[in-house]
Amino acid sequence: MAIGDATPLVALIGHPVAHSLSPRMQNAAFAARGIDWIYVACDVEPEALAEAIRGLPALGFVGANVTAPHKLAAARLVDAATISVNTLVFRDGRAEGSSTDAAILDGLAVANPVIVGDGGAASAFAAALPGARQFARRGIWPPEVEDADVVINATSARDEVLVELEPGQTLIELPYPDSATALTARAAGATVIGGLEVLLAQGAAAFELWTGVSAPIEVMRAAVGLAP
């Protein structure tokens, strides 16, 4: 990976970010498409978010991903039509924000969805699924999922089983690797779309927003350890 003085940069902004597989995935994608860009993780504390977003273009950044806990706050700081953003594109000194968090829904039949969580990713899924029932500890709890066909676990909870699903139901899981909720759902015979699949879908959509080039899906799958 050669970095020149004119190599454009793409950031991952979050707190923390050390665990993220996005740099591995996006740098593999840039290399596969012959794009001389570099993706770097930047741990940004909440009080420094506004300053960080303002400074990125001046430092040679052409785009960014935004992850927890900044998605809602970032949407208020940039030109965005959504209440949550996970993708920034810098053009002519402006930061344009959008969300690709719910890209995993493309092509998925959803009739009676339930969203668990109330953070930035949950807000993106709620915008993509008008009428979805939403449950969170700061609101209505516990989740009622008996008649749901698709349940989205948009929380960071890893060790607690938040919902119990049955065969015929589908769990879309944002944490990776599998949380206790996903492991329990798999054991019960429910369909589980894991957090790495969600990461891949949103990452591919973000890649295309930054570059205008189709994402190399299979390369990105391999980079995060997903089977072809």
J.: Would you please test T211 and W37 for side chain to side chain contact (heavy atoms under 4.5 Å, CB included) and show each step?
T.: CA-CA 10 Å; T211 67; W37 290 14; 3.6 Å; yes

J.: Is the shortest heavy-atom distance from the side chain of L77 to the side chain of R54 under 4.5 Å?
T.: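 No - every pair of side-chain heavy atoms lies 4.5 Å or more apart.
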
J.: Side-chain contact test, heavy atoms from C-beta onward, threshold under 4.5 Å: evaluate it for D118 versus Q134 and give yes or no.
T.: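 With C-beta onward as the side chain, the pair touches.
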
J.: Between H70 and V44, which heavy-atom pair has the shortest distance, and what is it?
T.: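 Closest pair (atom of H70, atom of V44, distance): NE2-O, 2.6 Å.
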
J.: Return the minimal non-hydrogen interatomic distance between P69 and P46, and the atom names on each side.
T.: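 P69 and P46 have their closest heavy atoms at CG-CG, 4.3 Å.
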
J.: With a 4.5 Å heavy-atom cut-off, do R91 and P57 have their side chains touching?
T.: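 Contact flag for R91/P57 side chains = no.
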
J.: Donor-acceptor check, side chain of N65 to backbone of G203, threshold 3.5 angstrom: yes or no?
T.: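 Not at all, since once roles are kept as given, no pair shorter than 3.5 Å links the two residues.
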
J.: Which value, rounded to the nearest 0.5 Å, describes the distance between C42 atom SG and I13 atom CD1?
T.: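 Between atom SG of C42 and atom CD1 of I13 there are 7.0 Å.
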
J.: Measure the CG-CG distance between L9 and L59 for me, rounded to the nearest 0.5 Å.
T.: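 Answer for the CG-CG pair, L9 versus L59, is 8.5 Å.
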
J.: Using a 4.5 Å cut-off on heavy atoms from C-beta on, say whether the side chain of S20 contacts that of T67.
T.: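 No. Closest side-chain heavy atoms not under 4.5 Å.
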
J.: Show me the pairs that pass salt bridge (charged side-chain N to carboxylate O under 4.0 Å, His left out) and involve residues 62-89, at least two apart or across chains.
T.: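 Of all non-adjacent pairs touching residues 62-89, those that pass salt bridge (charged side-chain N to carboxylate O under 4.0 Å, His left out) are K71-D101, D79-R94.
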
J.: I'd like to know if V40 and L88 are part of one continuous hydrophobic network [Ile/Leu/Val/Met/Phe/Trp/Tyr, side-chain heavy atoms within less than 4.5 Å].
T.: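 As far as the 4.5 Å side-chain criterion goes, V40 and L88 are connected within one cluster.
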
J.: Count I, L, V, M, F, W, Y as connected when their side-chain heavy atoms are under 4.5 Å apart, and connections chain through other members. Are L171 and V198 then in the same cluster?
T.: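 Each belongs to a different hydrophobic cluster.
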
J.: Between V161 and L183, is there a shared hydrophobic cluster once you connect ILVMFWY residues whose side-chain heavy atoms come closer than 4.5 Å?
T.: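 Hydrophobic grouping puts V161 apart from L183.
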
J.: How about I38 and N27: do any of their side-chain heavy atoms sit closer than 4.5 Å?
T.: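 Counting from C-beta outward, I38 and N27 do come under 4.5 Å.
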
J.: If you draw a 6.0 Å radius around CD1 in I140, do more than 12 non-hydrogen atoms from other residues or ligands fall strictly inside?
T.: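 At most 12 heavy atoms, drawn from other residues, nucleotides or ligands, come within 6.0 Å of this atom.
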
J.: Here's a test for you: under side-chain contact (heavy atoms from CB on, under 4.5 Å), which of I193, I152, V116, T155 qualifies with L174?
T.: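 For L174, the side-chain contact (heavy atoms from CB on, under 4.5 Å) check succeeds only for I152.
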
J.: Under a 4.5 Å side-chain heavy-atom rule over Ile, Leu, Val, Met, Phe, Trp and Tyr, are F125 and V114 clustered together?
T.: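 Cluster IDs for F125 and V114 differ.
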
J.: Which heavy atom in Q169 sits nearest to a heavy atom in L165, and how many Å separate them?
T.: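 Looks like OE1-CA, 3.3 Å.
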
J.: Identify the heavy atoms of A223 and R24 that sit nearest to each other, and give their distance.
T.: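 Closest pair (atom of A223, atom of R24, distance): O-CD, 2.7 Å.
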
J.: Test side chain to side chain donor-acceptor pair (under 3.5 Å) on T181 and E173; report intermediate values, then the result.
T.: CA-CA 8 Å; T181 298; E173 166 91 341; 5.4 Å; no

J.: Pick out which of V110, L105, V192, T191 makes a side-chain contact (heavy atoms from CB on, under 4.5 Å) with I172.
T.: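 Output: one option passes, namely L105.
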
J.: So do the side chains of R221 and P228 get within less than 4.5 Å of each other, counting heavy atoms only?
T.: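 R221 does not reach P228 side chain to side chain.
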
J.: First locate atom CD of E96, then atom CG of L209, and finally report the distance between them rounded to the nearest 0.5 Å.
T.: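 Rounded to the nearest 0.5 Å, the CD-CG separation comes out at 9.5 Å.
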
J.: I'd like to check F207 versus I35 (side-chain heavy atoms, cut-off strictly below 4.5 Å). Are they in contact?
T.: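 Contact flag for F207/I35 side chains = yes.
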
J.: So, T100 side chain and Q202 main chain: donor-acceptor pair closer than 3.5 Å or not?
T.: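 Pair found, side chain donor or acceptor close to backbone of Q202.
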
J.: Say whether, by atom type as modelled, one donor and one acceptor occur between the side chain of D149 and the main chain of N112 under 3.5 angstrom.
T.: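 Checking the backbone N and O of N112 against the side chain of D149, a donor-acceptor pair under 3.5 Å is found.
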
J.: Within a reach of under 6.0 Å around CD of E51, are more than 12 heavy atoms found that belong to other residues, nucleotides or ligands?
T.: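 Counting other residues, nucleotides and ligands, CD of E51 stays at 12 neighbours or fewer.
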
J.: Is any side-chain heavy atom of L162 closer than 4.5 Å to one of V151?
T.: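 No, side chains not in contact.
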
J.: Could you measure the distance from the CG atom of D43 to the CG atom of L12? Nearest 0.5 Å is fine.
T.: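 It is 9.5 Å, given to the nearest 0.5 Å.
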
J.: Who are the ring pair (Phe, Tyr, Trp, His ring centres under 6.0 Å) partners of F61, not counting sequence neighbours?
T.: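 For F61 there are no ring pair (Phe, Tyr, Trp, His ring centres under 6.0 Å) partners, ignoring immediate neighbours.
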
J.: With ILVMFWY side chains joined below 4.5 Å, transitively, what does M25's cluster contain besides itself?
T.: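 Answer for M25: L21, Y176, L196, L199, L200, I217, M220, V224, L226.
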
J.: For the residue pair A205 and A103, what are the closest heavy atoms and their distance?
T.: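 Shortest heavy-atom contact: CB-CB, 4.3 Å.
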
J.: Does E144 offer a backbone N or O that forms a donor-acceptor pair with the side chain of R133 under 3.5 Å?
T.: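 Checked: pair present.
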
J.: For A109 and V150, work out which heavy atoms get closest and say how close.
T.: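 Result for this residue pair: O-CG2, 4.2 Å.
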
J.: Decide whether I115 and L72 are clustered together by the hydrophobic rule: side chain heavy atoms of Ile, Leu, Val, Met, Phe, Trp, Tyr closer than 4.5 Å, transitively.
T.: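 Result: no, two separate clusters.
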
J.: More than 12 non-hydrogen atoms from neighbouring residues, nucleotides or ligands closer than 6.0 Å to CG on D159, yes or no?
T.: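 Incorrect, the count does not exceed 12.
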
